[in-house]
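What follows is a single structure, written as structure tokens, with notes after it.
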Amino acid sequence: MWTADEIAQLCYEHYGSRLPKQGKPEPNREWTLLAAVVKIQLTADQACDRSDGPVQVTKEVVSMGTGTKCIGQSKMRKSGDILNDSHAEVIARRSFQRYLLHQLHLAAALKEESIFLPGSQRGLWKLRPDLLFVFFSSHTPCGDASIIPMLEFEDQPCCPVSRDWASNPSVETSDNLEAPEDKRKCEDPESPVAKKMRLEPRTPGGTAHRQSFGSQEKGPNPPNVSGSNLTAEELASVTGMSPSGAQVVDVYRTGAKCVPGEAGDSRKPGAAYHQVGLLRVKPGRGDRTCSMSCSDKLARWNILGCQGALLMHFLEEPIYLSAVVIGKCPYSQEAMRRALIGRCQNVSALPEGFGVQEVKIQQSDLLFGQSRCAVQTRKADSPGRLVPCGAAISWSAVPEQPLDVTANGFPQGTTKKGIGRLQARSRISKVELFRSFQKLLSSISEDKWPDSLRAQKLATYQEYKEAASTYQEAWSALRKQAFASWIRNPPDYHQFQ
């Protein structure tokens, strides 16, 4: 049907041809992360079950995001006009919501090209049966999925580490080698692990060296590891030697911090540094953020869907991802499965239509050309510090103004005086997505509204979100059973109209 490399190549080509130079990294000085949602559609013959051959599909990027930053708590605004989290995965998902809103507009106008069909209840829509969505990220999501076992004598699957690594965060090595706000430093640059890390040049067409621990090829799985809440030290003791015969001597670090109420990391040297399975927030530079890690958000989307609470008003079922594909980078199949599926696999008593999805997880052998690893390899011994790109790019498959370039949560170029004006809002900010939702609602006659919007008079963003009762019921069950420490913004940040 499709391969991980095909998905990665499609996204890289889309990035090169459809995204503007504005917002992209400055050559040989900056790097960024990339994420996208790809629509997979069965061909007409396949959808009608008239072909016995290989399944033929068409693939189309419907949303894309780049970015490495998130704002601190002190910069959050109650007007909903700033992007709190501009990591690529979050930008891609918000861009996907914009695409879904446009498709619901088409459905409400009875346009045949919409991805939605009428549902069984008044005002509700369902996804066409010949469609599915694949999520792509050029790098392992920050947080739990990035706590990856590091094997003794193993060639590391990404970029080199200089000897001044401890004093220069631009070349730090870690689980999430491209974590933007990362302040990690090696405990001991003279340690055997530090000395063993070396460069293996990577090319888009080359063969990737995957972590032999928990590799995605089929084989015997270590007992009771997937979804466990073991520390990395316990993980190593459970699994013993890796399939290659090497011991787990360390783990890649994640810059994401444990949320208050979680057990916390031991920070001991070596493999016991992190505890796995915990909820984490993205780090900030001095100003703590309220943004949960991308691992946590992907795990949430795997149960609640990618559409969010607002769009659930119009949908018979959540919009789930069928697969997650990761680009070439440090990677562990076991860590990915634990972070996205395992932590929530026992969540039960969810409303009809909601459930823990067995999302397919794969890695591509293709490296993103603007990744920290690729840029550093090209940069070689050039002078100057390598830094994450400060801008984020959003692209949606919509006819009007598909692009949105932001910095510090606002459209790039916004001045302090301009903040608060209409033109100083990202098209994927909360307030603008809410405005698009209201526009959709006003285009539909009230007698065709779904029941959830007819029961009471609603005004604020918070009221519309809370009125999506099945979504809120599912979210409540997920928090109670798996994510009790999830950081939620106070209600007064959602009172805008």
Side-chain angles (χ1 to χ4, degrees), residues 1 37-42 46-47 57 60 62-63 92-135 297-324 340-341 344-361 396-397 433 436-437 440-441 444 448-455 464-479 481-483:
M1 182 183 286
V37 177
V38 177
K39 181 182 74 172
I40 307 290
Q41 183 169 8
L42 294 172
Q46 297 288 337
V57 299
E60 177 192 358
V62 294
S63 78
R93 185 256 187 164
R94 297 188 75 82
S95 304
F96 182 52
Q97 290 176 316
R98 191 174 174 219
Y99 165 76
L100 293 176
L101 273 163
H102 171 65
Q103 292 296 321
L104 283 168
H105 266 287
L106 293 178
L110 303 179
K111 302 286 187 182
E112 290 185 3
E113 62 266 31
S114 174
I115 64 171
F116 294 111
L117 297 173
S120 58
Q121 299 179 50
R122 176 179 56 188
L124 297 186
W125 303 87
K126 61 183 179 182
L127 190 65
R128 283 168 43 177
D130 59 339
L131 299 179
L132 57 87
F133 296 104
V134 174
F135 191 86
K297 291 186 176 184
L298 278 160
R300 174 180 171 174
W301 303 340
N302 198 45
I303 291 181
L304 302 185
C306 288
Q307 75 294 321
L310 285 184
L311 294 190
M312 202 63 220
H313 282 293
F314 289 105
L315 298 174
E316 205 160 72
E317 294 180 342
I319 305 296
Y320 287 117
L321 300 169
S322 295
V324 173
L340 272 57
I341 305 171
C344 306
Q345 64 185 3
N346 295 322
V347 172
S348 60
L350 292 164
E352 185 178 357
F354 290 86
V356 182
Q357 304 300 299
E358 194 63 36
V359 63
K360 186 178 181 181
I361 302 171
S396 301
L433 288 178
S436 296
F437 170 85
L440 169 63
L441 195 58
I444 303 170
K448 294 181 179 178
W449 284 6
D451 291 343
S452 60
L453 294 173
R454 294 160 57 87
Y464 274 98
K465 281 168 64 78
E466 290 297 328
S469 56
T470 57
Y471 182 92
Q472 296 300 341
E473 184 184 340
W475 181 208
S476 178
L478 175 57
R479 289 199 310 275
Q481 298 177 53
F483 286 164

Between [X] and [Y], which heavy-atom pair has the shortest distance, and what is it?
X: V57; Y: M1; answer: CG2-O, 3.1 Å
X: A482; Y: V347; answer: CB-CG2, 3.9 Å
X: W301; Y: C306; answer: CB-SG, 4.0 Å
X: H105; Y: S436; answer: NE2-O, 3.9 Å
X: A92; Y: F135; answer: CB-CE1, 4.3 Å
X: L104; Y: W125; answer: CD2-CD1, 3.9 Å

To the nearest 0.5 Å, what is the distance between [atom1] on [X] and [atom2] on [Y]?
X: Q103; Y: L311; atom1: CD; atom2: CG; result: 12.0 Å
X: Q345; Y: N302; atom1: CD; atom2: CG; result: 11.5 Å
X: L304; Y: Q357; atom1: CG; atom2: CD; result: 10.5 Å
X: L132; Y: Y320; atom1: CG; atom2: OH; result: 15.5 Å
X: L315; Y: L124; atom1: CG; atom2: CG; result: 8.0 Å
X: R98; Y: R94; atom1: CZ; atom2: CZ; result: 12.0 Å

Non-neighbouring partners of [X] that pass side chain to side chain donor-acceptor pair (under 3.5 Å), sequence neighbours left out:
X: S114; value: none
X: Q41; value: D130
X: S95; value: S394
X: R122; value: D451

Can you list everything that forms a side-chain contact (heavy atoms from CB on, under 4.5 Å) with [X]? Sequence neighbours excluded, please.
X: K465; answer: A309, L310, Y461, Q472, H494
X: E113; answer: L106, K111
X: A477; answer: L350, Q481
X: F133; answer: V37, K39, V62, F96, Y99, I115, L127, I319, L321

Can you check whether [X] reaches [Y] side chain to side chain, under 4.5 Å on heavy atoms?
X: M312; Y: P318; result: yes
X: I341; Y: I361; result: yes
X: F354; Y: L478; result: no

Exercise. So which pairs with a foot in residues 297-322 pass salt bridge (charged side-chain N to carboxylate O under 4.0 Å, His left out), sequence neighbours left out?
Worked result: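 Every salt bridge (charged side-chain N to carboxylate O under 4.0 Å, His left out) pair that includes a residue of residues 297-322, provided the two are not neighbours, is D85-K297.
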Exercise. Which pairs with one or both residues in residues 345-360 pass salt bridge (charged side-chain N to carboxylate O under 4.0 Å, His left out), sequence neighbours excluded?
Worked result: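 Matches after skipping sequence neighbours: R337-E358.
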Problem set entry | Check: H313 main-chain N/O paired with Y464 side-chain donor or acceptor under 3.5 Å |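 No, because the side chain of Y464 does not come within donor-acceptor range (under 3.5 Å) of the backbone of H313.
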Problem set entry | With sequence neighbours excluded, residues passing ring-ring contact (aromatic ring centres under 6.0 Å, His included) with F314 |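 So F314 forms a ring-ring contact (aromatic ring centres under 6.0 Å, His included) with F437.
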For this session: Not counting sequence neighbours, which residues clear ring-ring contact (aromatic ring centres under 6.0 Å, His included) with F116? List them please.
Result: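 Expected list: none.
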